[in-house]
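The next block holds one structure in the form of structure tokens; read it before the comments.
Remember, it's a predicted structure, so these values are computed and weren't measured experimentally. Every chain is numbered from 1, with letters handed out A, B, ... down the list of sequences.
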Amino acid sequence: MKHGAFELLYRSYQRMRFGMFPVFLFLLFIGTSQLQAEENPAERIGWHANLEKGLALAKQTNRPVFLVSGAPACLGVPGIW
Amino acid sequence: MKASRDWVCIRLLTYENESEYKYMERLLGVTDGTLPNTVFCLLSPDGKTKLTRPTRGPSIFRTPENMAIQMKRMASRYQTVVPDSFVAPVPLVDRVDLTMNVAASDNRPMVVFYHPSPPDLQILVESARPVVWDSRLTGQFMYAATSSKEDLKAMVNASGKAGVYIVEPDEYGVSGKIVRHLAPDNVKESLKRELSQALANFQPFQKNHQQHIRDGYLFGIEWETLIPESDPMSVQAKQRFKARFDSRP
């Protein structure tokens with residue numbers, strides 16, 4: 001899947017738009033808690049989890065920043081975006 | 001996915017760090033305490049210039065294909081200034097319990113670096129740096145580091161010995177099964193092999209979103225965020241769901 005991660009992002013975001021899971025995040029992007037089985041190991045994005053360190057790294061390497069944020073709990077239940 | 005490699009990809013946790021929360025409020029220009037639970041923005045390397053308008057999600061790109069194309073185009077404006085041998089730091093999540101939750105949400109295994117001595121912990125984490133960015137391992141694990149033995153409690157049968165723990169979180173990320181422990185002396189030599197093995201053996205959960213939430217309520221599994229949730233849509237949805245759940249026969 002050439003743009004699999006991006007497709008997940010969009011699919012999740014669509015759900016959000018239509019209000020099925022308003023809290024639910026486009027962060028599935030990461031290829032995370034997909035609702036179906038997935039190939040293991042599928043290629044994944046290496047996320048930095050700290051803003052300060054991530055921004056420092058971007059500056060140091062002169063690479064642009066792809067910033068997302070989300071909550072690893074849906075309706076207060078953990079273990080799902 | 002390929003397009004993301006030219007970027008520093010940062011994924012924050014909206015309600016788990018006060019200064020990051022305030023940063024996102026400023027980024028989105030939210031002043032009334034209603035920061036949405038999702039944020040998306042592309043920024044220049046200095047972190048100051050917004051390459052896209054900050055929003056809840058990436059809908060401005062319309063399609064995933066276009067998003068990849070545009071990101072590639074934007075990244076081509078910047079020339080990386082570090083040698084090929086440069087290796088980024090280990091992408092640690094702030095806390096072990098939070099890492100376990102994120103790993104469960106991502107449906108991935110996790111790695112916990114533990115050493116009671118903070119300087120030794122730092123050495124331990126540094127020793128893993130080249131391995132975690134190996135092309136086959138990038139993004140496959142969540143990482144945490146701690147000097148506190150207390151933090152290991154959620155890991156079933158944790159020996160409390162210093163080293164690297166490879167852990168499979170449960171479905172909700174409230175506890176984890178240790179699949180491997182590496183003593184600090186073994187890390188340089190064995191970590192790559194052990195992570196590859198753990199990855200090969202890892203079976204992600206088959207999660208159904210609604211069922212997961214229903215069961216979570218049923219079993220009383222709830223996650224309390226550090227900062228109270230501020231997304232009005234999300235807060236209302238939670239209230240509605242709880243009311244429906246509580247009024248069930």
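No donor-acceptor pair under 3.5 Å is formed between the side chain of B:Asn37 and the backbone N or O of A:Gly70. Formation of a donor-acceptor pair under 3.5 Å by the B:Lys207 side chain with backbone atoms of A:Gly79 is found in this model. In this structure, the side chain of A:Asn62 does not engage the main chain of B:Val81 through any donor-acceptor pair within 3.5 Å. Side-chain N or O atoms of A:Ser69 include one that pairs as donor or acceptor with a backbone N or O of B:Thr14 at under 3.5 Å. Proximity of a side-chain donor or acceptor of B:Asn101 to a complementary backbone N or O of A:Pro72 within less than 3.5 Å is detected.
Around the CD atom of B:Glu126, the shell of radius 6.0 Å holds more than 12 heavy atoms that belong to other residues, nucleotides or ligands. Residue-environment remark: CD (B:Gln211) exceeds the threshold of 12 foreign heavy atoms within 6.0 Å. Other residues, nucleotides and ligands contribute over 12 non-hydrogen atoms within 6.0 Å of the CZ atom of B:Arg129. For B:Arg73, the CZ atom sits in a packed shell: over 12 heavy atoms of surrounding residues, nucleotides or ligands are nearer than 6.0 Å.
Smallest separation of non-hydrogen atoms from B:Phe40 and A:Val68: CD1-CG1, 3.9 Å. Contact between B:Gly47 and A:Leu55 at its shortest, heavy atoms only, is CA-CD2, 4.2 Å. Of all the heavy atoms in A:Leu75 and B:Ser234, the pair that sits closest is CD2-O, 4.5 Å. Of all non-hydrogen atoms in A:Ala49 and B:Val93, the two that sit nearest each other are CB-CG2, 3.8 Å. Across every non-hydrogen atom of B:Val8 and A:Gly54, the tightest pair is CG1-O, 3.5 Å.
Every ring pair (Phe, Tyr, Trp, His ring centres under 6.0 Å) that B:Tyr217 has, sequence neighbours left out, goes to B:Phe241, B:Phe245.
For the pair B:Pro45/A:Thr61, no side-chain contact is recorded, criterion being any heavy-atom separation below 4.5 Å from C-beta on. Inter-residue side-chain proximity for A:Ile45 and B:Arg11 is flagged as unmet; no heavy-atom pair is nearer than 4.5 Å. In this structure the side chain of B:Trp223 never reaches within 4.5 angstrom of the side chain of A:Val77, judged on heavy atoms.
Per-residue heavy-atom pair counts under 4.5 Å with chain A were compared for B:Asn17, B:Thr138, B:Val132, and the maximum is reached by B:Thr138. By number of non-hydrogen pairs under 4.5 angstrom with chain B, the leading residue of A:Pro64, A:Ala56, A:Gly76 is A:Pro64. In terms of heavy-atom pairs under 4.5 angstrom with chain A, the leader among B:Leu27, B:Thr49, B:Val82, B:Leu43 is B:Leu43. Highest contact tally toward chain A, considering only B:Tyr78, B:Tyr143, B:Tyr15, is held by B:Tyr78 [criterion: heavy-atom pairs under 4.5 Å].
Contact of B:Glu222 with chain A is made through backbone and side chain together, with heavy-atom distances under 4.5 Å. For chain A, no part of B:Phe141 is nearby; none of its heavy atoms comes within less than 4.5 Å. Using a 4.5 Å cut-off between heavy atoms, B:Leu137 does not touch chain A at all. Contacts between B:Phe86 and chain A at a heavy-atom distance below 4.5 Å involve the side chain alone, from C-beta outward. Using a 4.5 Å cut-off between heavy atoms, B:Leu92 touches chain A through its backbone atoms (N, CA, C, O) alone. Heavy atoms of B:Thr80 lying under 4.5 Å from chain A belong to its backbone as well as its side chain.
Rounding to the nearest 0.5 Å gives a distance of 10.0 Å between OG of B:Ser44 and NZ of A:Lys59. With values rounded to the nearest 0.5 angstrom, B:Leu13 atom CG is found 5.0 Å from A:Trp81 atom CH2. For the atom pair CG (A:Asn50) and CD1 (B:Ile10), the distance works out to 8.5 Å, reported to the nearest 0.5 Å. Summarising the geometry, atom CZ belonging to A:Phe66 is positioned 9.5 Å from atom OG1 belonging to B:Thr52; distances are rounded to the nearest 0.5 Å.
Screening residues 74-96 of chain B for salt bridge (charged side-chain N to carboxylate O under 4.0 Å, His left out) gives B:Glu16-B:Arg95, B:Arg95-B:Asp97 as the qualifying pairs, with residues at least two apart or on separate chains.
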List the steps and the verdict of ring pair (Phe, Tyr, Trp, His ring centres under 6.0 Å) for A:His48 and B:Trp133. CA-CA 11 Å; A:His48 293 272; B:Trp133 293 106; 5.1 Å; yes

Assess whether side chain to side chain contact (heavy atoms under 4.5 Å, CB included) is satisfied between B:Gln140 and A:Glu43, documenting all intermediate values. CA-CA 8 Å; B:Gln140 301 292 350; A:Glu43 224 179 310; 5.7 Å; no

Where do B:Arg108 and A:Arg44 land on the side chain to side chain contact (heavy atoms under 4.5 Å, CB included) test, with the steps shown first? CA-CA 11 Å; B:Arg108 306 313 303 156; A:Arg44 286 169 190 279; 3.2 Å; yes

Apply side chain to side chain contact (heavy atoms under 4.5 Å, CB included) to the pair B:Leu12 and A:Leu67, showing each step before the final yes or no. CA-CA 8 Å; B:Leu12 305 179; A:Leu67 178 78; 3.8 Å; yes

